[in-house]
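Just below is one structure, and these are the notes that go with it.
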There are 2 protein chains.
Amino acid sequence: MSQTASIKDVATHAQVAVGTVSNVLNYPDRVSQRTKERVLKSIAELGFVRNDAARQLRAGQSRTIGLIVLDVGNPFFSSVARAAEDAATALGSVVLVGDSGQDASREAHYMDLFQEQRVQGLLISPVGNVAERIDTLRERGVPTVLVDELADTDRCSSVSVDDEEGGYLAAKHVLDLGRRRLAFVGTPSIRQVASRLKGAQRAVAEVSDASVEVLDSAGQTVLAGRQVGNSLVERAPELRPEAVFCSNDLLALGVMQSLTMLRTVRIPEDIALIGYDDIDFAISAVVPLSSIRQPTEALGRTAIELLAEEQESGGTKHRSVVFTPELVVRQSTAGAGS
Amino acid sequence: MSQTASIKDVATHAQVAVGTVSNVLNYPDRVSQRTKERVLKSIAELGFVRNDAARQLRAGQSRTIGLIVLDVGNPFFSSVARAAEDAATALGSVVLVGDSGQDASREAHYMDLFQEQRVQGLLISPVGNVAERIDTLRERGVPTVLVDELADTDRCSSVSVDDEEGGYLAAKHVLDLGRRRLAFVGTPSIRQVASRLKGAQRAVAEVSDASVEVLDSAGQTVLAGRQVGNSLVERAPELRPEAVFCSNDLLALGVMQSLTMLRTVRIPEDIALIGYDDIDFAISAVVPLSSIRQPTEALGRTAIELLAEEQESGGTKHRSVVFTPELVVRQSTAGAGS
DNA sequence: CGTAACAAATGAAACGATTCAAAGACGAGT
DNA sequence: ACTCGTCTTTGAATCGTTTCATTTGTTACG
């Protein structure tokens, strides 16, 4: 069983020094044509493959970037992750994805792991209180970029979306349709959700006779949305809200399923429905779902860019980029009623 | 800016030899209580974190397992990946996930990368012809397990699901409901899809007056399903199939949306609909979708187990595990018509 | 012919952990 | 006092690469 050949084996086989083989791999211009060909031939014959561990050890740093997300199953995060991977690949780096599942201990586990791997930097959607941990990392030369969370700018960089503005846009839109009694569905204990609610309340406050009721859902899933939807259907028609704003699309789709299945409530005629995130599935729902689009692609790409800036500045300069969300109107909030 | 401390710094600080520090970390029993405490104190004070590259270099192998999937966005694969990660974590390993996106060159890229990382083993849902590549890896002591693909047992191990049986189950189910004119939706150029079709055709052949029409879809997505659905709606009612079997749930949901949106076709009364994979969304679709459940959790877990077996046997013994899929009946194929 | 200038190739040192043969410490038994 | 065995600790060697100060080779020019 032939084990993997080392650079030394290649050197012997090609009758050159190890440094020369290394140069062929890293600085081809420094090596003469003839020698290069001979070395490359030996590499092919022996099936030599670089040992990345040795390279990292010498370099003192890996070509790896750690990314910790709240839930890879959530299309929002998988989309951000994909964009970050692409941007990193262009820079010759690799992204390792860790899923904290909103659990602080899992989050800590991945931070330990990434630190042992000597990652170039860390992208993280924090769940626990990671401020101290990030300070430590920065002192050790590992820059961090917060993702989907606004950072204290003298601590680290961040990319996020203006959640309050998003909430405002959604509520304003249904208010503009003439709806007055709104309901907000979500779990405000999550920071992003709380901000969206705050924005919605601001929009409501601008209209004299409008109101918004908060329906705390048990999670952020389709199933949780269905439960809320069922509770709405059970209400007397006059007690139902005229518009429902859900803190994410999964919830909204759940609500939609409850409402449409029972056929007693029409969307958007009786209840206008709007979600958040604009996941791929929103456009192809039974009643195409209006939503607030977040620029996931830009989030992932910018996160990598900010990380590169941090590296260049030696972790001294920090910058926070806040994107503006965008209203996407579809059938679930179509004209009727204005 | 304090850089990361090495094991040597810890040794100096605790006034012991480097070997002793290493023993504290790896063989705590060999070290006396007093020394251990002193070393641990120094580790804490200096904030020492193991350098994994150095460890790997010495060990000659990483604690990493590579996993290459066709599409992480697909719930089937993300579920398998999650299960594999959990199983690997229990064994003290880490799973690196690469997304080939059904592209042979991306697949090759990840194989190169994982080889440089000296992964313990490789789990792969192959897209290109990787047989030779796998042979090379095996020779070099990197065992491979095929995922969702049956392997040649004297080459490597594999975990898969009996796709033909799944196709048979689905078709048999709708035939048992009394439906005779079936349609199969999918892209038979994909191996798994072709097998499912073959199974369906077998079931149809067992019933004298039954037939199955193949509708080649442009992809395996919700959108592709909608297109097929629209084409069905455009047909004269008497030319429509009585049952539609889609090669995955995304397609089925797309078809469902087309059919229900136009309200001219009722599910399941006019057309019974069944998908494949039983993704989380199937149960909460407008009309809850019947499907063929694949044991994703078991696939991921078993893949890791087989990899462990390969490692123990030094890559000599291979084993293929084939799971049996399971019919899940929901409203989209409910009783009517039998 | 001597030498300056440049290009190419060399090979030892370093990265940070683990391993392991050897040395040291200590008590028990004779 | 001496030997033996057990438990602890030591520190040099090792993994495979990159780096860089040197050496070697080649060409050009006075």
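Here the C1' atom of nucleotide dG16(D) and the CD atom of Glu116(B) are 13 Å apart, to the nearest Å. As a whole-Å value, the separation of Asn23(A) CG from dA7(C) C1' is 12 Å. In this structure, Glu37(A) atom CD and dA9(C) atom P are separated by 12 Å, rounded to whole Å. Protein atom CD of Gln117(A) is 15 Å distant from nucleotide atom C1' of dG16(C), rounded to whole Å. Here dT6(D) presents its P atom at 18 Å from CG of Asp29(B), a figure rounded to the nearest Å. One can place CD of Gln15(B) at 17 Å from C1' of dG11(D), the figure rounded to the nearest angstrom. At whole-Å resolution of the value, NZ in Lys8(A) and C1' in dT14(D) are 9 Å apart. Summarising the geometry, the separation between CZ on Arg38(A) and P on dA8(C) is reported as 14 Å, rounded to the nearest angstrom.
Within the structure, a side-chain polar atom (N or O) of Ser32(B) is placed less than 4.0 Å from OP1 or OP2 of dT9(D). Regarding contacts with the backbone of dT17(D), every side-chain N or O of Asn51(A) stays at 4.0 angstrom or more from both OP1 and OP2. Thr35(B) has no side-chain polar atom (N or O) that falls below the 4.0 Å cut-off from OP1 or OP2 of dT8(D). The shortest distance between the side-chain N/O atoms of Tyr27(B) and the OP1/OP2 oxygens of dT18(C) is not below 4.0 Å. Look at Thr20(A) and you'll find a side-chain N or O under 4.0 angstrom from OP1 or OP2 of dT10(C). Residue Arg34(B) places none of its side-chain N or O atoms closer than 4.0 Å to OP1 or OP2 of dT8(D).
Side-chain atoms of Arg58(A) and base atoms of dT17(D) include no donor and acceptor less than 3.5 Å apart.
Under a cut-off of 6.0 angstrom, the local environment of CD in Gln15(A) is sparse, with at most 12 non-hydrogen atoms contributed by other residues, nucleotides or ligands.
Annotation: side chain of Asp135(B) is in contact with side chain of Arg155(B) (closest heavy-atom distance under 4.5 Å). The shortest side-chain heavy-atom distance between Ile65(A) and Leu122(A) does not fall under the 4.5 Å cut-off. Using a 4.5 Å heavy-atom cutoff, the side chains of Asp103(B) and Val127(B) are not in contact.
Counting any heavy atom pair closer than 4.0 Å across all strands shown, Gly19(A) reaches a base atom. Using a 4.0 Å heavy-atom criterion, one finds that Val16(A) contacts the sugar-phosphate atoms exclusively. Here Ser6(A) lies in heavy-atom contact (under 4.0 Å) with sugar-phosphate atoms only.
Side-chain proximity of Val18(B) to the nucleotides dA8(C), dT9(D), dA12(D) is greatest for dA12(D). Out of dT17(D), dT10(D), dT18(C), the shortest distance to the side chain of Asn26(B) is found at dT18(C). Side-chain proximity of Leu57(A) to dT19(D), dT18(C), dG16(D): nearest is dG16(D). The Arg50(B) side chain lies nearest to dT18(C) when the options are dA9(C), dT18(C), dC15(C).
Between Arg30(B) and Ala59(B), the residue whose closest nucleotide on DNA chain D is further toward the 5' end is Arg30(B).
Here the rule is side-chain contact (heavy atoms from CB on, under 4.5 Å) with Phe77(A), and of Leu70(A), Leu67(A), Thr296(A), Val72(A) only Leu70(A) fits it.
Between the side chains of Glu309(A) and Ser157(A), no donor-acceptor pair is found at a separation under 3.5 Å.
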